[in-house]
Amino acid sequence: MKKGVVSLCCLILFSAVVSTNCFAKEGIDKKNKTISIAGYDACTGKYGDYGLDDKKGQEIAIEEVNAGGGIQAGPLKGYQLKLTFFDDRGDPKESANVAKKIASSDFLVALGPTMSSCALAATPIFNRYGIADIITYSNANTITEQGFNNIIRLTHTTGGIANHMAENCKNRFGAQTVSIISENQDYGQQLRSYFKTKADAMGLKVLTDDVITPGQDVDFSSVLLRAKQQNPDVLVLFVTYNEGGMLAKQVRKMGWNVTTYGPDGMIAPKFFELADNLDEIYITSLASLDMNRPEAQHLVNTYKSKYDILPPLSAIYGYDAVKVAVKIIENGGVDRKSFIEKLKSVKVAGVGSPLYQFDESGEGLAPPFITNPAQWYKDQQN
């Protein structure tokens with residue numbers, strides 16, 4: 001009886017292992033010579049513009065690679081890319097569900113997302129299943145601090161940009177005091193935390209510090225009035241494009257001409273539309289966003305012909321994520337295991353960075369930051 005029970009348990013265990021391995025494939029179709037890649041981001045909901053642009057950038061890169069003959073080197077030379085894009089709605093719970101679906105399905109690598117909270121929900125699942133995730137536009141330091149070997153990040157960190165913004169407030173704008181308004185998401189709260197630490201070390205005084213809820217708060221008169229009454233030298237916004245645009249508009253509507261300063265999460269067509277008056281608004285971004293560089297020309301020309309604007313940042317990083325994935329495949333990343341092994345040694349020129357390369361944590365060695373008037377960024381997109 002015991003022998004029969006043991007045999008039955010072994011059979012069940014063997015079946016479970018076999019079915020799991022068969023279910024989670026490698027994304028390589030040798031018969032049709034295709035490589036399946038999964039993109040994921042918020043295509044609907046309050047952050048939908050980010051994900052739709054990310055998706056467009058990835059699609060343009062896939063079209064370019066396939067039109068050029070597919071993979072150009074390595075064992076999979078000549079293979080074409082196939083993209084399936086998943087909408088996580090900017091919701092961490094849904095992002096975890098999407099990650100499970102991608103990881104247990106027939107994909108070589110995942111590309112995305114924009115929202116840090118979604119990346120923090122998805123990356124542990126990808127790590128557990130042994131599938132690489134090329135983080136497109138999520139900034140939270142805690143993503144790479146998890147210590148996973150299967151992720152790299154294309155963009156900069158919240159700590160890097162927050163420290164730069166604090167230094168700019170003091171040295172560029174000559175500020176002695178600031179007021180902060182941040183969103184209660186990982187992105188906004190990490191920026192806020194790093195900024196306040198740096199500001200304290202520099203003797204930059206924070207007069208007011210308010211937190212808003214994205215997608216819920218639309219009337220910001222109370223937090224703006226509280227800040228205005230303290231008369232800060234700079235109003236610092238740690239928010240994304242939607243709330244950033246509404247806040248900027250309401251600042252001017254109340255007749256307050258304070259210098260307003262935010263991160264590159266505000267760089268999107270929707271921000272410029274909502275803000276309207278861009279006077280005395282400044283934004284920090286990476287220095288490499290030069291749309292005249294040769295590496296940018298295909299993306300710029302194709303995006304503009306399709307959508308009549310220059311590619312936003314999320315589209316740029318989506319496009320570059322595909323190019324990074326292609327280089328890893330050409331370097332010998334031909335299944336999930338070898339792809340992860342080649343992940344952090346890749347070097348490839350991109351649009352968002354003159355040269356993508358990564359440290360042991362998966363952090364990109366980002367180019368320096370620049371700070372320009374918001375009008376400059378708007379002009380770049382026209």
Side-chain angles (χ1 to χ4, degrees), residues 27-29 32-45 47-72 76 78-90 95 98-99 101-102 105-115 118-119 122 131-138 152 154-155 267-270 289 291 293-330 339 348-353 356 381:
I28 310 298
D29 185 343
N32 296 304
K33 292 190 179 300
T34 59
I35 303 168
S36 293
I37 290 174
Y40 74 108
D41 212 329
C43 295
T44 56
Y47 301 116
D49 285 5
Y50 283 136
L52 290 173
D53 291 334
D54 185 3
K55 179 174 182 283
K56 291 170 184 175
Q58 291 187 32
E59 289 171 343
I60 290 171
I62 295 281
E63 292 168 4
E64 180 186 354
V65 170
N66 288 342
I71 301 301
Q72 295 295 299
L76 301 182
Y79 275 58
Q80 299 275 294
L81 301 180
K82 180 182 177 183
L83 176 69
T84 303
F85 205 93
F86 296 84
D87 177 15
D88 68 14
R89 304 199 301 265
S95 193
V98 164
K101 187 179 296 185
I102 292 171
S105 300
D106 195 9
F107 297 105
L108 176 62
V109 58
L111 312 178
T114 295
M115 303 311 298
C118 291
I131 179 172
D133 185 9
I134 299 176
I135 306 290
T136 51
Y137 194 22
S138 301
I152 55 175
L154 301 189
T155 187
I267 302 175
K270 193 70 174 178
L289 297 177
M291 295 294 99
R293 290 173 52 237
E295 293 84 0
Q297 286 311 293
H298 180 84
L299 174 61
V300 168
N301 294 338
T302 306
Y303 204 95
K304 198 159 189 178
S305 68
K306 285 189 173 189
Y307 308 111
D308 202 32
I309 59 169
L310 287 174
L313 283 171
S314 47
I316 290 171
Y317 289 120
Y319 176 88
D320 283 350
V322 173
K323 294 305 188 77
V324 171
V326 166
K327 190 64 175 177
I328 295 169
I329 294 168
E330 292 176 345
F339 193 99
V348 58
V351 180
S353 175
Y356 285 110
Q381 296 192 355

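The side-chain contact (heavy atoms from CB on, under 4.5 Å) check on Ala132 picks up Val109, Phe339, Ile340, Leu343, with sequence neighbours excluded. Residues that satisfy the ring pair (Phe, Tyr, Trp, His ring centres under 6.0 Å) test with Tyr40, not counting sequence neighbours, are Phe126. A search for salt bridge (Lys or Arg N to Asp or Glu O under 4.0 Å) contacts involving Lys82 returns nothing, not counting sequence neighbours. Shown here are the side-chain hydrogen bond (donor to acceptor under 3.5 Å, both in side chains) partners of Lys33, two or more places apart in sequence or in another chain: there are none. Checked against side-chain hydrogen bond (donor to acceptor under 3.5 Å, both in side chains), Tyr79 has no partners two or more places apart in sequence or in another chain. Under the salt bridge (Lys or Arg N to Asp or Glu O under 4.0 Å) criterion, Lys327 pairs with no residue at all, not counting sequence neighbours. For Ala315, the side-chain contact (heavy atoms from CB on, under 4.5 Å) test picks out Asp53, Tyr303, Pro311, Pro312, with sequence neighbours left out. Qualifying side-chain hydrogen bond (donor to acceptor under 3.5 Å, both in side chains) partners for Lys56, counting only residues two or more places apart in sequence or in other chains: none. In this structure, the side-chain contact (heavy atoms from CB on, under 4.5 Å) partners of Asn66, at least two apart in sequence or on a different chain, are Ile62, Gln80, Leu81. With sequence neighbours excluded, no residue forms a salt bridge (Lys or Arg N to Asp or Glu O under 4.0 Å) with Glu330. Residues satisfying the side-chain hydrogen bond (donor to acceptor under 3.5 Å, both in side chains) test with Asp49, not counting sequence neighbours, are none.
Contact of the Ser36 side chain with the Asp29 side chain is not registered, since no non-hydrogen atoms from C-beta on lie closer than 4.5 Å. In this structure, Tyr50 and Tyr317 have side chains that are not in contact, with every pair of non-hydrogen atoms separated by 4.5 Å or more. Under the 4.5 Å side-chain criterion, counting only non-hydrogen atoms from C-beta, Tyr137 is not in contact with Pro113.
Nearest heavy atom pair, residue Ile102 against residue Phe107, reads O-CD1, 3.6 Å. When all heavy atoms of Ala38 and Phe86 are compared, the pair lying nearest together is CB-CE1, 4.0 Å. Scanning all heavy atoms of the two residues, the minimum distance from Asp87 to Val98 falls at O-CG2, 3.9 Å. Closest approach of Ile135 to Ala119, counting heavy atoms only: CD1-CB, 4.3 Å. Closest approach of Lys323 and Val65 over heavy atoms only: CE-CG2, 4.2 Å. In terms of heavy atoms, Ala42 sits closest to Arg89 at CB-C, 3.7 Å.
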Trace of the side-chain hydrogen bond (donor to acceptor under 3.5 Å, both in side chains) decision for Thr114 with Asp41
CA-CA 6 Å; Thr114 295; Asp41 212 329; 2.7 Å; yes

So Glu64 and Tyr319, side-chain hydrogen bond (donor to acceptor under 3.5 Å, both in side chains) or not? Walk me through it.
CA-CA 10 Å; Glu64 180 186 354; Tyr319 176 88; 2.5 Å; yes

Under the criterion side-chain hydrogen bond (donor to acceptor under 3.5 Å, both in side chains), I'd like the reasoning laid out for Asp320 against Tyr356: C-alpha separation, chi angles, the key distance, then a yes or no.
CA-CA 9 Å; Asp320 283 350; Tyr356 285 110; 2.6 Å; yes

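The pair Lys306-Glu63 meets the salt-bridge criterion, with a side-chain N (NZ, NE, NH1 or NH2) lying under 4.0 Å from an Asp/Glu carboxylate O.
For the side chain to side chain contact (heavy atoms under 4.5 Å, CB included) with Leu111, the lone residue among Leu154, Asp133, Val322 that qualifies is Val322.
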